[in-house]
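Notes follow once the structure below has been shown.
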Amino acid sequence: MDFSYSKSVDDKWRKIWEERKTYKFNEDSDKPKYYLLEMFSYPSASKLHMGHWWNYSLPDSFGRMKRMQGYNVFQPMGFDAFGLPAENYAIKTGIHPKDSTQKNIETMEEQLKQLGATYDWDYEIKTNEEEYYKWTQWVFLKLYEKGLAYRKDAPVNYCPHCQTVLANEQASGGECERCHTKVEHKHLTQWFFKITDYADKLLEGLKDLDWPERTKRIQTNWIGKNTGAKVVFNVEGHDEKIEVFTTRVDTLMGVTYVVLAPENELVDKITTADQKGEIEDYKQKVLHLSEIDRTSTVREKTGAFTGAYAIHPLTKKRVPVYISDYVLASYGTGAVMAVPAHDERDYAFAKKFGLEIKEVIKSPDGETTLPYTSSGVLVNSGEFDGLESGKAKLAIVEKLKQNGLGEMTTTYRLRDWLISRQRYWGAPIPVVYCEHCGIVPVPESQLPVKLPYNVDFKPTGKSPLYYCDEFVNTTCPKCGAKARRETDTLDTFVCSSWYYLRYLDPHNSKAPFDKAKVDKFMPVDKYVGGVEHAAMHLLYARFIYKALGDMGYVSGQEPFKSLIHQGTILGADGQKMSKSLGNTVSADEYVAKFGSDVFRTYLGFGFSYTEGGPWSDDGILAINKFFQKVAKVFENFYDLKSNENKQVDEELEVWLNKTIKNVTEDMENFQFNTSIARLMELTSAITKYQTRKDRNYEQEKHTVYSYAKLLAPLMPHYMEDVWEKLGHETSIFDEAWPKYDISKTVAKQVEIAVQVNGQIRARINIPADSSDEDMKKLALENQSVQNYTNGKQIKKVICIKNRLVNIVV
RNA sequence: GCUGGUGUGGCGAAAUGGCAGACGCACGGGACUCAAAAUCCCGCGAGGGCAACUUCAUGUGGGUUCGACUCCCACCACCAGCACCA
């Protein structure tokens with residue numbers, strides 16, 4: 001019988017699986033649920049690339065093992081289909097995004113099927129379809145009702161290349177997340193989600209998640225919780241008050257001036273008549289600076305004097321009020337108390353503008369060069385002199401509190417999520433503007449607000465919907481008067497912030513999802529996707545899930561219980577694969593040549609899943625060879641006639657039990673490379689056994705069957721085929737995952753190392769699980785050990801079971 | 001600047017504080033062959049020794065320990081994230 005593997009095996013089983021509905025998901029199964037999810041992908045024009053294979057094939061192997069372990073595994077697939085590339089493509093070629101997206105999805109579906117994953121395509125979702133985005137709009141409405149969606153005039157990040165505003169997360173580092181163009185600052189009225197209301201919950205929830213520490217760190221930093229004090233400065237001759245946020249309230253007595261952000265509303269109110277001109281000039285100058293320039297740390301400090309004076313809350317001394325762009329409008333209160341002696345920025349500014357520098361903290365060793373920014377002991381601070389920074393903070397805040405001029409407070413770096421985009425290819429924001437009623441949300445019964453097909457894609461900086469009269473002109477749902485629709489669309493990250501819920505009930509036309517189904521299958525047990533989403537998708541999804549939870553639509557606290565980031569497969573040159581570098585490797589080519597399973601197994605063997613690495617052609621040839629050895633094992637067994645030999649070969653038995661144990665543990669941890677290494681060892685062990693004359697049929701059958709099951713998740717088409725050739729009519733994936741006997745994972749005789757003073761001096765064979773006493777006795781009897789111990793006093797003997805003995809002399 | 005990660009043969013990489021380099025690639029030797037390919041067997045960190053053996057080796061320098069790739073401290077290099085966040 002020919003047990004060899006070829007591409008035709010893939011084709012054969014893909015067809016049979018489809019016909020037999022092998023991977024039909026049964027919602028009502030009473031097996032324990034396992035929700036396995038890989039981040040869905042954008043339908044790109046090119047074929048499935050290495051990244052897709054890497055992201056989807058090996059997690060599917062993991063899922064197959066879970067299935068064999070008796071779980072009801074739910075592993076859906078779909079498309080994050082709205083977004084800029086399709087729209088830009090339309091601008092370039094005139095092909096409508098809906099058409100190009102549809103075509104790309106069809107190609108990708110076909111290709112994903114080649115991967116041989118256990119997706120049940122009945123659960124597929126596409127975020128650009130009405131039946132999906134209707135409910136994305138519903139999510140918006142619910143957040144609006146709850147006061148979590150609002151519209152405001154604010155300085156926002158604008159990408160001149162994509163011609164749309166961006167969320168803070170998508171403009172980090174001053175660059176557009178998509179095209180890396182430098183973002184500009186604009187003052188615009190936009191829609192936001194109030195993610196800041198959840199800052200604390202998002203932070204707290206991280207604690208119990210089985211997520212990579214790095215990712216938790218990124219989110220923690222992004223949320224940026226900071227505790228400090230709020231201090232109030234009255235303004236001389238005004239009712240206005242300036243509130244500042246500081247983490248160093250211990251330096252309060254060193255304040256010699258106050259600085260407002262140029263955008264701070266107070267600026268216009270307190271600026272004196274003769275300083276008006278200078279202040280206006282400065283504000284104009286700042287407005288024209290790019291984000292990059294403005295936040296550059298090497299640029300010299302600039303600013304302007306408002307002419308106003310603030311009153312120090314404790315000394316009642318008057319200090320000048322300046323504006324400067326080193327103060328950010330969007331962090332804290334948009335105003336700072338300046339302590340030039342103990343803050344580098346304040347110091348630089350004071351030097352430039354000739355302002356007073358008052359030292360109030362001494363380092364514990366007395367040596368202090370300004371600016372001194374660490375904590376220390378207070379001086380020149382009146383009643384607080386001699387206090388250490390930590391105690392001084394408490395004492396000063398206490399004093400401020402008595403006067404109603406300050407208190408402890410917390411700020412966050414996190415900003416509200418800007419969700420409107422001036423682009424066509426997204427879900428329309430379901431809102432109309434009525435002359436009488438103002439902002440009116442579209443009632444749920446009128447959803448979806450359909451995206452019109454006939455629009456002009458010319459880029460103008462406004463959404464193409466703005467020029468589409470049939471879309472814009474409508475009537476007010478409240479009063480029936482003429483009204484205009486909102487023409488911005490939703491950030492595509494809104495679509496992907498709840499898709500894991502829709503997967504569970506994708507065709508529900510009455511609701512976004514059935515709560516009972518969601519309660520049964522959430523949270524996602526294992527989520528696999530790229531680390532680049534740490535401060536975007538993964539944060540947004542958690543927020544939306546928590547918000548929906550607070551409204552009673554879902555029950556849990558966190559959507560993704562356990563998270564894994566796949567690494568990146570690089571080009572052979574160690575660089576990221578890119579067309580411009582010409583180092584791309586086509587997955588298709590290799591799949592066509594070696595078959596889907598060889599390709600998958602190579603990916604599993606050649607790299608650590610979470611790290612990835614450079615591609616190598618030699619590696620895949622080695623795996624192809626391995627497949628031939630696997631075939632040999634089954635051929636040898638197939639030719640063996642049933643016999644009466646009951647002699648159990650201990651060595652083979654140990655190999656099998658050990659391998660089952662290691663493979664199970666390694667697969668559980670996404671360590672496919674070591675799993676495959678162990679399976680290669682087992683292959684050699686079986687092959688070696690098969691050269692013997694006294695083969696035990698029953699033992700070999702048990703071994704070979706278990707072996708096939710262990711290989712099955714990594715080579716699904718191939719092992720399904722083998723299973724059939726071995727005479728089975730049911731799927732190997734309906735078999736139970738092999739179990740091991742822990743007592744049979746170690747041989748009866750083991751070789752241990754004997755050390756003298758930590759140096760290995762001998763290796764001896766002893767019975768497994770020997771007691772410490774026996775190990776000690778056997779070790780000390782050994783001749784070469786005695787060469788080192790003779791005439792010396794033995795101080796101590798350390799015994800590690802089945803491993804080593806260390807004799808200290 | 002701050003934070004995090006990584007550093008082991010010619011290469012991809014393994015190692016609950018317990019025999020460093022599993023598994024594989026490449027390489028060398030041998031068997032089979034008229035020959036080659038394929039396959040199989042042996043070797044393969046570096047130095048020294050005919051040899052049994054022995055010394056040195058996990059980025060560098062210290063430390064803890066009977067014993068350290070693993071834990072602690074300092075440093076170097078590379079990568080990533082954040083960065084005028086008060």
Side-chain angles (χ1 to χ4, degrees), chain A residues 172-174 212-218 220-222 224-226 228-229 231 244-249 251 259 261 294-302 324-328 330-339 342-346 348-349 373 411-415 531-532 534-535 602 605-608 610-623 625-626 628-629 632 662 665-666 671 673-684 687 691 751-763 784 795-809:
Chain A
S172 115
E213 281 309 314
R214 168 170 61 143
T215 313
K216 291 190 188 182
R217 175 74 53 170
I218 291 173
T220 305
N221 290 345
W222 190 261
K225 183 175 182 169
N226 210 344
V231 181
V244 303
F245 172 74
T246 179
T247 54
R248 291 298 304 274
V249 71
T251 64
V259 194
R294 176 157 176 188
T295 57
S296 162
T297 50
V298 293
R299 200 167 56 96
E300 208 183 326
K301 295 280 177 286
T302 59
S324 174
D325 61 4
Y326 82 83
V327 177
L328 307 176
S330 48
Y331 183 75
T333 58
V336 302
M337 57 178 225
V339 188
H342 305 291
D343 181 279
E344 283 175 22
R345 296 149 302 180
D346 297 345
F349 190 86
T373 57
T411 58
Y412 299 88
R413 196 181 163 286
L414 185 70
R415 317 278 162 79
V531 68
E532 66 274 14
Y602 170 59
F605 182 64
F607 314 85
S608 140
T610 52
E611 276 165 41
W615 176 262
S616 141
D617 268 357
D618 294 335
I620 197 163
L621 283 168
I623 295 298
K625 229 188 276 182
F626 174 53
Q628 287 162 22
K629 287 182 188 170
K632 207 58 163 285
N662 291 330
E665 288 168 0
D666 290 353
Q671 284 164 2
N673 50 351
T674 46
S675 301
I676 296 165
R678 300 288 87 84
L679 287 162
M680 284 173 168
E681 287 172 337
L682 181 60
T683 305
S684 301
T687 308
T691 62
E751 189 193 70
I752 63 159
V754 183
Q755 298 180 332
V756 179
N757 286 344
Q759 292 273 9
I760 294 163
R761 297 303 180 188
R763 290 173 223 278
S784 45
K795 280 196 203 157
K796 199 170 167 187
V797 178
I798 290 123
C799 299
I800 306 294
K801 191 172 263 190
N802 295 343
R803 294 249 183 203
L804 65 63
V805 176
N806 188 12
I807 301 157
V808 186
V809 298

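Numbered from 1 within each chain, the chains take letters A, B, ... in sequence-line order.
The pairing partner recorded for B:A68 is none, the criterion being a Watson-Crick or G-U wobble arrangement whose two distances lie under 3.5 angstrom. When Watson-Crick and G-U wobble pairs are counted only if both distances are under 3.5 Å, B:A77 pairs with B:U6.
Annotation: B:C71 and B:A14 have their P atoms spaced 16 Å apart (nearest Å). B:C53 and B:U60 have their C1' atoms separated by 31 Å, given to the nearest Å. Remark: the separation of the P atoms in B:A86 and B:A68 is 43 Å, to the nearest Å. If you take atom C1' in B:C79 and the same atom in B:C25, they sit 26 Å apart, rounded to whole Å. When the P atom is compared between B:C23 and B:C40, the two are found 15 Å apart, to the nearest whole Å.
The side chain of A:R415 lies closest to B:C85 when the candidates are B:U55, B:C85, B:C84. The side chain of A:R345 lies closest to B:A86, out of B:A14, B:C23, B:A86. Of all nucleotides listed (B:A14, B:G4, B:G18), B:A14 comes nearest to the side chain of A:T674. Listed candidates were B:C82, B:A14, B:A86. Nearest to the side chain of A:W222 is B:C82.
Among the protein residues, A:T411 comes within range of no part of the nucleic acid, since none of its heavy atoms lies under 4.0 Å from any strand. At the heavy-atom level, A:G224 lies nowhere under 4.0 Å from the strands shown. When heavy atoms are screened at a 4.0 angstrom cut-off, A:K625 is found touching the sugar-phosphate backbone but no base atom. Note on A:T246: only backbone sugar-phosphate atoms sit closer than 4.0 angstrom, heavy atoms only; bases stay farther off. Nucleic acid contact for A:F605: base, since at least one base atom lies under 4.0 Å from a heavy atom of the residue.
In the displayed structure, A:K632 atom NZ is contacted under 6.0 Å by at most 12 heavy atoms of other residues, nucleotides or ligands.
At B:A14, one or more side-chain N or O atoms of A:N673 fall inside 4.0 Å of OP1 or OP2 (strictly under the cut-off). At the phosphate of B:A83, OP1 or OP2 sits under 4.0 Å from a side-chain N or O atom of A:R413. For the pair A:Y331 and B:A86, the criterion of a side-chain N or O lying under 4.0 Å from OP1 or OP2 is met. OP1 or OP2 of B:A86 has at least one side-chain nitrogen or oxygen of A:N226 nearer than 4.0 Å. Look at A:R217 and you won't find any side-chain N or O under 4.0 angstrom from OP1 or OP2 of B:A80.
Atom CD of A:E751 and atom C1' of B:G18 are 14 Å apart (whole Å). Between the C1' atom of B:U16 and the CG atom of A:N662 lies a distance of 13 Å, rounded to the nearest Å. Whole-Å rounding puts the A:Y602 OH to B:C25 P distance at 12 Å. Here the P atom of nucleotide B:C23 and the NZ atom of A:K629 are 11 Å apart, to the nearest Å. In this structure, A:I760 atom CD1 and B:U54 atom P are separated by 11 Å, rounded to whole Å. With rounding to whole Å, A:D617 atom CG is found 14 Å from B:A26 atom C1'. Rounded to whole Å, the distance from CG on A:L804 to P on B:G17 is 15 Å. One interatomic measurement links the two molecules: CD of A:E611 to P of B:U6, which rounds to 8 Å at whole-angstrom precision.
Between A:T610 atom OG1 and A:R214 atom CZ the span is 8.5 Å, to the nearest 0.5 Å.
A:D346 contributes a side-chain N or O that, together with a main-chain N or O of A:V339, makes up a donor-acceptor pair within less than 3.5 Å. When atom types are taken as modelled, the side chain of A:Y602 and the backbone of A:S616 share a donor-acceptor pair closer than 3.5 angstrom.
Among A:V336, A:T333, A:V249, the single residue meeting the side-chain contact (heavy atoms from CB on, under 4.5 Å) criterion with A:V231 is A:V249.
Scanning all heavy atoms of the two residues, the minimum distance from A:T411 to A:G332 falls at CG2-CA, 3.9 Å. Nearest approach of A:F349 to A:T302, heavy atoms of both residues: CE1-O, 3.4 Å.
For A:R678 against B:A22, a side-chain N or O and a base N or O form a donor-acceptor pair under 3.5 Å.
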Is there any protein nitrogen or oxygen under 3.5 Å from a nitrogen or oxygen in nucleotides 66-73 of chain B, and what are the pairs?
unit_1	atom_1	unit_2	atom_2	d
B:C66	O2	A:N806	ND2	2.4

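Applying the 90° cutoff around 0 to the glycosidic angle, B:G63 is assigned anti.
The shortest distance between side-chain heavy atoms of A:K795 and A:N757 does not fall below 4.5 Å.
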